[in-house]
Amino acid sequence: PPVISSTAPMAHLTQLMSFASASNNTRVIGSAGFTSTVNYVKSQLTASGWTVTTQSFTTRGKTATNVIAEWPYGDATHVIMAGAHSDSVAAGPGINDNGSGVAALLANAAAISQSALRPAKRIRFGFWGAEEQGDVGSSYYVSHLAGGEAKKIDAYLNFDMVGNKAENGKAVGWSLYVEGQSNGLNAPFKSYFSAKGITVNASLDTDDRSDHAAFKNAGVKVTGVSSVRSLNELGACYHKACDNLSDVDSNSVTLASNAIANAVWSLAG
Ligand code: PHE
Ligand code: ZN
Ligand code: ZN
Ligand code: ZN
């Protein structure tokens, strides 16, 4: 895959921060910050030739939206899917949680387009609404798949918080989900991190607290990458007003973007 520089993911994060700044420092579902995020994600993907659909649903009296994007090449009966939640909590702008995952996937969508990639398998990205209300958007997507569609998804890769900084004298806690140990999906990520000389813990137990859970429950093979060491060390600004651009290390979100590119290229063939 081409090397993704820090420019693309950081430009996306700057945009997401501007949407939060115009919306009382939040991108929570029901806010202008969330609507602007959804519109931005849609327009970025459409501009680079992805086929984009949206799905709206209601939770706790608020409407939220999933954006689903497909790179329209490759065998549609073998889908490599990746996803990130696009909403924040009410308390803050959610630039690490989870602007970082959104930015990494958008940078990958552009790289796939710029490379005119013609993969063997189909590549599909999901940008989920209402993760912060309990994985609502991803659950809605999985439960509304037409019969047989879940079986066509060969892998689902989740990216929630990939921009952490070193904190409290500890290096960034790069982690792979425990689910990927037994299904082979951690392998491309492990080889990427080890080639970079970066230590990665390959047994993060997420307690199903993100959007891979719905896919796993539907029998899809899942894993994910995060820059958190554990659910007890999510960062000083986690779910706080200070989860802004200063809460993200550009090296982390760039490293994650390239790790994703490496895995998607290898899994999609
Ligand atoms: N999903 C949680 C949140 O958005 C935190 C989390 C991050 C869980 C990474 C698993 C992996 O608040
Ligand atoms: Zn397959
Ligand atoms: Zn969160
Ligand atoms: Zn999150």
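The chain is numbered in sequence order, starting from 1. Numbering of ligands and ligand atoms starts at 1, following listing order.
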Whether over 12 other heavy atoms sit under 6.0 Å from N201 CG
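Yes, enclosed.
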Can you tell me if K216 has over 12 outside heavy atoms packed within less than 6.0 Å of its NZ?
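Yes, the 6.0 Å shell around NZ holds more than 12 heavy atoms from other groups.
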For ligand 1, which atoms have a heavy atom of [X] less than 4.0 angstrom away?
X: R209; answer: 1 (N), 2 (C), 8 (C)
X: H239; answer: 3 (C), 12 (O)
X: M161; answer: 7 (C)
X: E131; answer: 1 (N), 2 (C), 3 (C), 4 (O)
X: H85; answer: 4 (O)

Evaluate the side-chain proximity of D87 to V28: yes if any heavy-atom separation is below 4.5 Å, no if none is.
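Side chain of V28 against side chain of D87, heavy atoms only: no contact under 4.5 Å found.
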Anything under 30° is parallel, anything over 60° is perpendicular, the rest tilted; go ahead and classify H144 against Y140.
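Aromatic pair H144/Y140 classed parallel.
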Kindly assign one of parallel, tilted or perpendicular to the pair Y156 and F215, based on the angle between their ring planes and the thresholds 30° and 60°.
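Taking F215 first and then Y156, their aromatic rings lie parallel (interplane angle under 30°).
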Before giving the answer on ring-ring contact (aromatic ring centres under 6.0 Å, His included), spell out for H12 and Y40 the whole-Å C-alpha distance, their side-chain angles and the decisive distance to 0.1 Å.
CA-CA 9 Å; H12 296 312; Y40 178 74; 5.8 Å; yes
Check each of Y238, Y177, F159 against atom 5 (C) of ligand 1 and report the one with the nearest heavy atom.
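When every heavy atom of Y238, Y177, F159 is considered, Y238 comes closest to atom 5 (C) of ligand 1.
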Taking the N/O/S atoms of E132 one by one, which is nearest to the Zn ion (ligand 3)?
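The closest N, O or S atom of E132 to the Zn ion (ligand 3) is OE2.
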Please determine whether H239 has a backbone or side-chain N, O or S atom lying under 2.8 Å from the Zn ion (ligand 3).
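An N, O or S atom of H239 is closer than 2.8 Å to the Zn ion (ligand 3), so yes.
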Given W71, which of W50, F125, W265 fulfils the ring-ring contact (aromatic ring centres under 6.0 Å, His included) condition?
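Option passing the ring-ring contact (aromatic ring centres under 6.0 Å, His included) with W71: W50.
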Tell me whether K221 is salt-bridged to E179, with the criterion being a basic N under 4.0 Å from an acidic carboxylate O.
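Between E179 and K221 there is no salt bridge, as every charged N stays at least 4.0 Å from the carboxylate O atoms.
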What residue and atom, counting heavy atoms only, is the protein's closest point to atom 9 (C) of ligand 1, and at what distance?
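Going atom by atom, the protein heavy atom closest to atom 9 (C) of ligand 1 ends up being D160 O, 3.2 Å.
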Looking at ligand 1, would L231 count as a contact under a 4.0 Å heavy-atom criterion?
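The answer is yes, since L231 has a heavy atom less than 4.0 Å from ligand 1.
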Considering both backbone and side-chain atoms of T206, is one of its nitrogen or oxygen atoms within less than 3.5 Å of a nitrogen or oxygen in ligand 1?
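Not met; the criterion fails.
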Which one holds for D97 and ligand 1: side chain close, backbone close, both close, or neither close, with close meaning a heavy atom under 4.0 Å?
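Side chain only.
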State, without any angle test, whether D160 and H212 hold a side-chain donor-acceptor pair at a distance under 3.5 Å.
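Not at all, the side chains of D160 and H212 share no donor-acceptor pair under 3.5 Å.
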Angle, OD1 of D97 through the Zn ion (ligand 4) to OD1 of D160 - 10° precision
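With the Zn ion (ligand 4) as the vertex, OD1 (D160) and OD1 (D97) sit 100° apart.
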